[in-house]
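First up is the structure itself, then whatever we jot down about it.
Numbering starts at 1 and runs along the sequence shown. Every heavy atom of this structure was used, including side-chain atoms; hydrogens, water molecules and symmetry mates were not.
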Amino acid sequence: MTDAKTASPLIEFRSVCKVYGSGAAAVHALSDVDLTIADGEFVSIMGPSGSGKSTAMNILGCLDTPTSGDYRFQGIEVGRLPQNQRALIRRHMLGFVFQGFNLLARTTALENVELPLIYRGMPVAERQQLAARALERVGLAGRGHHTSNELSGGQQQRVAIARAIVTDPQLLLADEPTGNLDTKTSREIMDLVTSLNVEQGMTVVMVTHETDIAAYAKRMIRFVDGRIESDVLNREAA
């Protein structure tokens with residue numbers, strides 16, 4: 001387990017279960033999972049296909065809800081909030097990075113990064129300023145007017161990370177962030193993610209199937225058959 005912190009955890013699962021289907025067709029994706037993640041941690045989640053890691057990530061991101069048990073974010077039980085209230089949490093407190101980048105193809109990098117701020121109703125000048133600052137934070141200053149097809153895969157993922165952090169989220173959720181990248185670019189992206197955690201104090205939870213990528217995290221959790229098999233500190237992480 002991670003080293004204990006006196007402050008209340010940012011994230012807490014209390015006996016979380018997730019069941020899909022019913023009767024003989026029921027699939028227990030998560031079974032009585034207990035988990036706490038403190039503010040400022042960098043946690044990697046691994047496990048084979050069907051282990052429950054993606055289900056756990058979907059619940060963390062307020063994209064799904066537990067069948068039973070509690071999911072608390074900042075001490076608030078959010079697992080049973082109405083969909084519109086969970087959407088507000090996603091919009092204001094969470095940032096998402098995906099394997100496939102999910103950028104708008106014929107839209108500039110700056111416009112892609114602006115999207116979360118548009119949903120907030122922020123004025124044009126203010127959101128453009130914040131988007132440009134986010135691109136600078138990920139090493140893409142001066143690239144804001146390039147469209148996605150004018151950028152390399154690594155640059156596209158940097159744009160996706162800038163979009164995720166432009167709102168200064170309390171939690172960054174990364175789902176296989178290096179899955180579409182070569183080894184060199186993967187290291188560059190992970191160095192960036194690590195700096196967001198170490199230098200800027202952002203809490204990061206990352207799902208990956210790659211052991212060398214998981215090793216960037218300060219804490220490594222492995223799921224098997226819907227349960228946490230191991231939860232260890234990585235003493236070698238930055």
Side-chain angles (χ1 to χ4, degrees), residues 10-11 37-45 57-58 60-63 73-74 86-104 107-146 148 151-181 185-208 213 216-218 237-238:
L10 178 66
I11 291 166
I37 297 175
D39 188 29
E41 283 200 271
F42 182 0
V43 178
S44 63
I45 297 177
M57 182 69 101
N58 286 340
L60 288 173
C62 296
L63 299 169
F73 186 85
Q74 290 189 319
R86 287 188 286 114
L88 288 175
I89 291 174
R90 290 197 303 271
R91 187 178 304 168
H92 292 276
M93 298 182 182
L94 309 180
F96 296 87
V97 179
F98 302 98
Q99 176 178 345
F101 315 146
N102 293 353
L103 301 179
L104 300 179
T107 303
T108 67
L110 187 73
E111 290 167 337
N112 270 285
V113 177
E114 283 183 69
L115 283 174
L117 305 177
I118 292 174
Y119 297 143
R120 287 189 176 189
M122 187 174 290
V124 174
E126 185 178 357
R127 72 178 186 241
Q128 288 180 344
Q129 182 181 26
L130 290 175
R133 188 180 305 164
L135 285 170
E136 184 176 356
R137 288 168 69 184
V138 301
L140 288 180
R143 293 278 184 170
H145 297 294
H146 290 255
S148 297
L151 300 173
S152 67
Q155 289 172 332
Q156 289 183 57
Q157 190 62 296
R158 286 175 182 268
V159 173
I161 293 171
R163 182 183 57 195
I165 67 173
V166 71
T167 58
D168 284 323
Q170 292 173 281
L171 173 63
L172 179 65
L173 297 168
D175 190 358
E176 301 282 4
T178 62
N180 285 341
L181 304 175
T185 306
S186 294
R187 287 198 296 265
E188 293 171 354
I189 291 299
M190 290 313 304
D191 286 341
L192 170 59
V193 172
T194 300
S195 73
L196 292 172
N197 172 252
V198 174
E199 298 172 15
Q200 301 182 34
M202 190 172 293
T203 307
V204 179
V205 178
M206 173 183 67
V207 165
T208 181
I213 297 300
Y216 278 85
K218 298 174 185 175

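- L10 places a side-chain heavy atom less than 4.5 Å from the side chain of Q74.
- Taken from CZ in R187 to OG1 in T194, the straight-line distance is 13.0 Å, to the nearest 0.5 Å.
- Here salt bridge (charged side-chain N to carboxylate O under 4.0 Å, His left out) pairs that include residues 151-172, with residues two or more places apart or in two chains, are R137-D168.
- Taken from CD1 in I89 to CG in L171, the straight-line distance is 11.0 Å, to the nearest 0.5 Å.
- If you take NE2 on H146 and CD on Q156, they are separated by 13.0 Å, rounding to the nearest 0.5 Å.
- Taking the side chain as every heavy atom from C-beta outward, V198 and K218 approach each other to under 4.5 Å.
- With a 6.0 Å radius and a threshold of 12 heavy atoms from other residues, nucleotides or ligands, E136 has its CD atom at or below the threshold.
- Atom CG of L173 sits about 10.0 Å away from atom OG1 of T203, to the nearest 0.5 Å.
- Taking the side chain as every heavy atom from C-beta outward, P177 and V193 never approach each other to under 4.5 Å.
- Here the side chains of M190 and I213 are in contact, with some heavy-atom distance below 4.5 Å.
- With D175 contributing its side chain and M206 its backbone, the two residues share no donor-acceptor pair below 3.5 Å.
- At least one side-chain heavy atom of D191 sits less than 4.5 Å from a side-chain heavy atom of Y216.
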Would you tabulate the side-chain donor-acceptor contacts of residues 91-104 under 3.5 Å, counting partners in other chains and residues two or more places apart, or write 'none'?
from : atom 1 : to   : atom 2 : distance (Å)
Q99  : NE2    : N180 : OD1    : 3.1

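- Residue pairs that meet the salt bridge (charged side-chain N to carboxylate O under 4.0 Å, His left out) test with at least one member in residues 108-121, sequence neighbours left out, are E114-R127.
- Of the possible donor and acceptor atoms, one in the side chain of N112 sits under 3.5 Å from a partner among the backbone N and O of T107.
- Of all heavy-atom pairs between L151 and A109, the closest is CD1-CB, 4.4 Å.
- Residues I161 and L196 meet the side-chain proximity criterion, which asks for heavy atoms closer than 4.5 Å.
- One distance of note links CZ of R90 with OG1 of T167; it measures 13.0 Å at 0.5 Å rounding.
- Under the 4.5 Å side-chain criterion, counting only non-hydrogen atoms from C-beta, L130 is in contact with M122.
- Between the CD1 atom in I37 and the CZ atom in F73 there is a gap of 10.5 Å [rounded to 0.5 Å].
- Residues N197 and M202 fail the side-chain proximity criterion, which asks for heavy atoms closer than 4.5 Å.
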